[in-house]
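Below is one structure; the comments refer to it alone.
When a ligand or atom number is given, it counts from 1 through the structure's own listing order. All figures in this text were calculated on a predicted structure; none of them were measured in a lab. By convention here, the first residue in the shown sequence is residue 1.
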Amino acid sequence: MTAMIIDGKAHAAALRARVADGVAGFVAAAGRKPGLAVVLVGEDPASAVYVRTKTRMTAEAGMAGFEHRLPADTTSDDLLALVDRLNADDTVDGILVQLPLPAHIDERRVLTRIDPDKDVDGFHPVNVGRLATGLHGFVPCTPLGCLMLLRATLGELSGLEAVVVGRSNIVGKPMAQLLLQQSCTVTVAHSRTRDVAAHVRRADIVVAAVGIPHFIKGDWIKPGASVIDVGINRIAKEDGGAGLVGDVDFAGAAAVAGAITPVPGGVGPMTIACLMRNTLVAACRRVCAAEPEL
Ligand SMILES: Nc1nc(=O)c2c([nH]1)NC[C@@H]1CN(c3ccc(C(=O)N[C@@H](CCC(=O)O)C(=O)O)cc3)C=[N+]21
Ligand SMILES: [Mg+2]
């Protein structure tokens, strides 16, 4: 058996096109563009690349992008003051503070300062609580993108066994909430789980978000299962260059899975497309306009 490769790049392009249509409608109704502010502190080269991609795609979707680059020695108070200004700025519908922040900045304090209704990352505790209780809020972009890929691949998820490997606030926990909302039977495995392989072997859906290259082995995968690989691990290749690999042994898993996301070209592009989606939704909610189906 050879798995169907889930084309995250194509799904993301289709979502961005739907968002661009919704943006055009918003502009016609509201007389302004939805606005996304992205804040980058310091010069981590990988973060700088993501921020540039986000800004480019914001413009391509017809939205206004506001990039704020602050030096690595920015104080917590300066960053909080910027967040306050963005919260108060009516042209800003979505705010994203790029993580990780430098060690001297209190990340929790910054994330909880963002107006929950502009929190397009869905990291604010208010949005975490909304997701857990089934209220309308903002869902973190990476798990939302994973769910969209699963729905496009499998349709109805009700009753399926899902194993999420990883329990981070950014991916594992919200992913488990989303799958539960879809009536999956959800297991969250993590670094203290005694036999991760045994849990993965039962799963119809595997979401791998551990941050360890090729942690999930091909012979753990149940034949026909759907495998979503959230890992983005930069590793040195034999030729001296840098390669990007996921948390799943792709070749091994693709031989038994029903469907699998590649790295790159799987979850990553969906993350950014979902950020565009959340920004449009935030703008629509802020002007009390009808919310588009995305
Ligand atoms: N507040 C905040 N929100 C985030 O959503 C956030 C963040 N901080 N910090 C960093 C991580 C990482 N992240 C990615 C987004 C897209 C790709 C992506 O498009 N990846 C491409 C490959 C890119 C490459 O080649 O490096 C792919 O998987 O095909 C990857 C990673 C968002 N993050
Ligand atoms: Mg990601």
Examine distances only and state if a side-chain atom of Gln182 and a backbone atom of Cys184 form a donor-acceptor pair shorter than 3.5 Å.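 Here the side-chain-to-backbone pair does not exist.
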Taking Thr193 for its side chain and Val196 for its backbone only, find out whether a donor-acceptor pair lies under 3.5 Å. no
Below 4.0 Å, non-hydrogen atoms only: which portion of [X] touches ligand 1? Side chain, backbone, both or neither.
{"X": "Arg234", "value": "side chain"}
{"X": "Val97", "value": "backbone"}
{"X": "Glu107", "value": "neither"}
{"X": "Val263", "value": "neither"}
{"X": "Leu99", "value": "both"}

Would you indicate whether the side-chain heavy atoms of Ile260 and Ile5 approach each other to under 4.5 Å?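 In contact.
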How about His136: does its NE2 atom have over 12 heavy atoms from other parts shown lying under 6.0 Å from it?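 Counting neighbours around NE2 of His136, 12 or fewer heavy atoms of other residues, nucleotides or ligands fall under 6.0 Å, so no.
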Trace of the side-chain contact (heavy atoms from CB on, under 4.5 Å) decision for Leu36 with Leu275: CA-CA 9 Å; Leu36 173 65; Leu275 176 64; 4.0 Å; yes
Closest heavy-atom contact between Ala273 and Leu15?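 Heavy-atom minimum between the residues: CB-CD2, 3.8 Å.
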So is Gly265 polar-close to ligand 1, meaning N/O to N/O under 3.5 Å? yes
Checking the N or O distance criterion of under 3.5 Å, is ligand 1 in contact with Tyr50?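 No: no nitrogen or oxygen of Tyr50 is under 3.5 Å from one in ligand 1.
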Taking the minimum heavy-atom distance to atom 30 (C) of ligand 1, which of Leu101, Ile232, Leu111 ranks first? Ile232
Proximal atoms of ligand 1 relative to [X] (non-hydrogen, under 4.0 Å):
{"X": "Phe123", "result": "1 (N)"}
{"X": "Pro264", "result": "22 (C), 27 (C), 28 (O), 29 (O)"}
{"X": "Leu96", "result": "1 (N), 3 (N)"}

Is Lys9 in contact with ligand 1, taking contact as a heavy-atom separation below 4.0 Å?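 Judged by the 4.0 Å heavy-atom criterion, Lys9 does not count as contacting ligand 1.
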If you measure from the Lys or Arg side-chain nitrogens to the Asp or Glu carboxylate oxygens, is any gap between Arg285 and Asp93 under 4.0 Å?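 Salt bridge: no.
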Arg201 and Asp195 ion-paired at < 4.0 Å: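 Here Arg201 does not pair with Asp195 in a salt bridge, since their nearest N and O are not under 4.0 Å apart.
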